[in-house]
Every structure is written in C-alpha cells, then in structure tokens.
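Here you go, one structure.
Fair warning: this is a prediction, and the values are worked out from it, not measured in the lab.
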Amino acid sequence: MSFDPENRGAVTIMGLPISTHSRDAVLSAMGDVIARRERGHYISITNTESMYHGLRIPSHGDHIRNADFSLCDGVGVIVAGWAWGHRITRYNGPVLQLDASDHGRQRQWRHFFYGGKPGVAEEMAARLTQRYPGLIVCGTYCPPFRDLSDDEDLALIEHINATRPDIVWVGLGLIKQERWIQQHLHRIDAPWMVGVGAAFDYHAGAVPWAPPLLRSLGLEWLFRLIIQPKLRAQRYWWSLVFVVQSMAKGLFSLQFLRRQAPL
C-alpha cells in the first residue's frame, strides 16, 4: 500500500506527500492491516527537516512517497502547505504513539520499541503501561552505537519476529530510523513500522516535552531549541531553508494559476 494523492487523502508540497487523514482514519487503517496480519506497512512522520532531506537524498524521498501515511510533524509543514493552497492538520509521532497505545489496548495490539539510549525504551515501556493499563509491550531493544554485523542483525530480526509485534516503533532519529525501516521492512514480520524519533525520550521522561499550550500554538520547535540549542540549530536551519524554498515556489505557482484562470 503506498500513497495515491488523488485517492488516499494526501496533498503534495514540492512533490512530497502529506496525509490529510483524520486521526481516527489512521488508527482504523492500522487496525485493519493488523487484523489481516499483513506486513510491510509503515508510516512516515514527516517534518520540514525530513522534507529537506527528501529533496536531496533519493532514498529518503522515496521513503516519504511510498509510506502508507505521511503525517504532518510540525508547524513548518503547515506553513509550507498554506503557500501551496493546502490546509494541513498536524499529527506527530509522539501523539500517534500515545493514540495507538490507547486505541490498541482492547484490541490487544502488540508493541515493540527499538531504539533510544540505554534504558530509555524500557522506561518508556514502564511509563506507557502504567498510563494505559492493558497495553502490551512485547519487547524492547537498545542497539549499540555502531552498525550491527550481518550475524547480529539476523539475530535481532529473529528476536523481534519471535515477539510477534503488531507495531515496531523505531527511535533512532532522522534519517537513521527511516533507513533502518527500509532495510528491514520485508524482513521483520510486523504489520507496521513507525519512526518516531524523540518520542522515546519524551515518553520516557529523558527529555522534557513542550508544555501542551506551546504544542497547541505550534511553538514546540522553540521549546526544543531552548533546551537543546546545539542539537537543534543545524536541523532547524535545514527546516527553514525548506520552508522558505517551498513557500516561494508555492506562492509563485498559485499566482501563476490565478493569472491563467479564465475571467
């Protein structure tokens, strides 16, 4: 299953799709795939930094385009979409993970957490199961800070498959987590894989999540810049480059279409 902007509720910005599905529609589609026990599906959590790289790294662009859902992660995507005449609603990775944790309880969805720093996935699992009684965390794994050997990778795949996950949540950070998903998409026997990056740190309490008011105002990026200035400065520069570039092209395209429209 991959994106069809005409039939699957997606709009495009600079040739990259962003889903316009509601939260309920996304969770319902996840449930349908899990019930059929299909594998090879994934969700792209797409922010402006991801789109910046998607225009420059072909494999990353393909990851966004071929996702079942490319969900808006950040106010920058909303602003860029506005310049192209689109109204986009944000649905980011940390929120999706909470929604799926809650929605999947009675449906007995099985969650596997792959990534994070040592202890983070385990702490997130403990906190989420306390928050959502009945949540099934079938496994966690913190990879070493290096590439796995072929034998280690094969052992990891066998380990994950043995837990029979419905969703593998991957927290390796952009672009690494998307590359990992593509490398393992048809080797791991799970209906869904989702790269959620900082969600691991937020839900484990390792890094503060922006207060709800700031998140609702689209100022989560500012909060993250304040608490992690060295980590975020370069990444937000890439995001700014994409937003400015896409707005310029989008507004130009809209003006051109207006001039071409019959009076």
query: How close do Phe69 and Ala25 get, heavy atom to heavy atom, and via which atoms?
result: CZ-O, 4.5 Å

field: Flag side-chain contact, heavy atom, 4.5 Å: Gln97 against Pro94
entry: no

message: Hydrophobic clustering (ILVMFWY, side-chain heavy atoms < 4.5 Å, transitive) - are Ile188 and Val137 grouped together?
response: no

message: The test is side chain to side chain contact (heavy atoms under 4.5 Å, CB included); show your working for Leu156 and Leu148 and say whether it passes.
response: CA-CA 9 Å; Leu156 170 64; Leu148 298 180; 3.8 Å; yes

- line: Separation between CH2 (Trp169) and CG (Leu128), nearest 0.5 Å, reads 10.0 Å

task: Apply side chain to side chain contact (heavy atoms under 4.5 Å, CB included) to the pair Leu98 and His203, showing each step before the final yes or no.
output: CA-CA 9 Å; Leu98 294 182; His203 299 326; 3.5 Å; yes

task: Determine, using the 4.5 Å side-chain heavy-atom cutoff (strictly less than), whether Val243 and Val75 are members of one ILVMFWY cluster.
output: yes

statement: Looking only at heavy atoms, the pair that brings Ile181 and Met193 closest together is O-CE, 3.7 Å

message: Using the rule that Ile, Leu, Val, Met, Phe, Trp and Tyr join whenever any side-chain heavy atoms are under 4.5 Å apart, tell me whether Val168 and Ile136 fall into a single cluster.
response: no

message: Could you check whether any side-chain heavy atom of Arg179 comes within less than 4.5 Å of a side-chain heavy atom of Ile175, counting everything from C-beta outward?
response: yes

field: Side-chain donor/acceptor of Gln130 to backbone N/O of Arg127, under 3.5 Å
entry: no

message: Could you check whether Arg110 makes a cation-pi contact with Phe112, meaning its NZ or CZ is under 6.0 Å from the centre of the six-membered ring and within 45° of the ring axis?
response: no

- prompt: Side chain of Thr12, backbone of Pro17: donor and acceptor closer than 3.5 Å?
  reply: no

field: Where at least one partner belongs to residues 81-91, residue pairs that pass salt bridge (Lys or Arg N to Asp or Glu O under 4.0 Å), sequence neighbours excluded
entry: Asp73-Arg90, Arg90-Glu220

query: Would a 4.5 Å heavy-atom cut-off, applied to side chains only, mark Pro133 and Arg105 as touching?
result: yes

task: Would you check if the side chain of Thr163 reaches a backbone N or O of Ile160 as a donor-acceptor pair within less than 3.5 Å?
output: yes

message: Can you confirm if the aromatic rings of Trp180 and His184 lie within a centre distance of less than 6.0 Å?
response: yes

task: Look at Glu123 together with Lys117 and state whether they make a salt bridge at an N to O cut-off of under 4.0 Å.
output: no

message: Assess whether a salt bridge exists between Arg37 and Asp166, defined as any Lys/Arg side-chain N lying under 4.0 Å from an Asp/Glu carboxylate O.
response: yes

message: Name the residue from Phe200, Phe113, Tyr114, Tyr42 that meets the side chain to side chain contact (heavy atoms under 4.5 Å, CB included) definition with Val170.
response: Tyr114

- prompt: Going by atom types alone, do His63 and Gln182 pair a side-chain donor with an acceptor below 3.5 Å?
  reply: yes

- prompt: Which pair of non-hydrogen atoms, one from Val120 and one from Ala204, has the smallest distance, and what is that distance?
  reply: O-CB, 3.5 Å

query: Just by modelled atom types, is the Asp62 backbone N or O under 3.5 Å from a matching donor or acceptor in the Asn66 side chain?
result: yes

- prompt: Just by modelled atom types, is the Met30 backbone N or O under 3.5 Å from a matching donor or acceptor in the Trp192 side chain?
  reply: yes

message: As an exercise, state the distance from CD1 of Ile167 to CG of Leu96, rounded to the nearest 0.5 Å.
response: 7.5 Å

- prompt: Given side chains that start at C-beta, do those of Asp201 and Met124 come closer than 4.5 Å, heavy atoms only?
  reply: no

- request: Could you check if a side-chain atom of Glu178 sits within less than 4.5 angstrom of a side-chain atom of Ser44, using non-hydrogen atoms only?
  value: no

- request: Rounded to the nearest 0.5 Å, what's the gap from CG on Leu71 to OG1 on Thr20? Could you check?
  value: 10.5 Å

query: Using a distance-only test with no angle check, is there a side-chain donor-acceptor pair under 3.5 angstrom linking Ser70 and Thr46?
result: yes

query: Where is the tightest heavy-atom contact between Ile78 and Cys72, given as atom of each residue plus distance?
result: CG1-SG, 3.9 Å

- line: Here the pair of heavy atoms bringing Asp102 nearest to Tyr132 is CB-CE2, 3.6 Å

- request: Spell out, yes or no, whether Leu185 and Val196 are grouped together once hydrophobic residues are joined by side-chain heavy atoms under 4.5 Å, including indirect joins.
  value: no

message: Just verifying a value: how many Å separate Asp189 CG and Arg39 CZ, rounded to the nearest 0.5 Å?
response: 5.5 Å

- prompt: Between Asp153 and Arg187, is the closest basic N to carboxylate O distance under 4.0 Å?
  reply: yes

query: Does CD in Gln108 sit with more than 12 non-hydrogen atoms of other residues, nucleotides or ligands closer than 6.0 Å?
result: no

- prompt: Do Met14 and Trp84 come within less than 4.5 Å of each other through their side chains, counting heavy atoms only?
  reply: yes

task: First locate atom CG of Leu174, then atom NE2 of His53, and finally report the distance between them rounded to the nearest 0.5 Å.
output: 5.5 Å

message: Do Ile57 and Met51 sit in one hydrophobic cluster, given that two such residues count as connected whenever their side-chain heavy atoms are within less than 4.5 Å of each other, even indirectly?
response: no

message: Do Tyr91 and Asp99 have side chains that approach each other closer than 4.5 Å (heavy atoms only, starting at C-beta)?
response: yes

field: Shortest non-hydrogen contact between Leu172 and Gly115, atoms and distance
entry: CD2-CA, 3.8 Å

message: Donor-acceptor check, side chain of Asp68 to backbone of His41, threshold 3.5 angstrom: yes or no?
response: no

- request: Compute whether any side-chain donor of one residue and acceptor of the other, for Ser101 and His111, lie under 3.5 angstrom apart.
  value: no

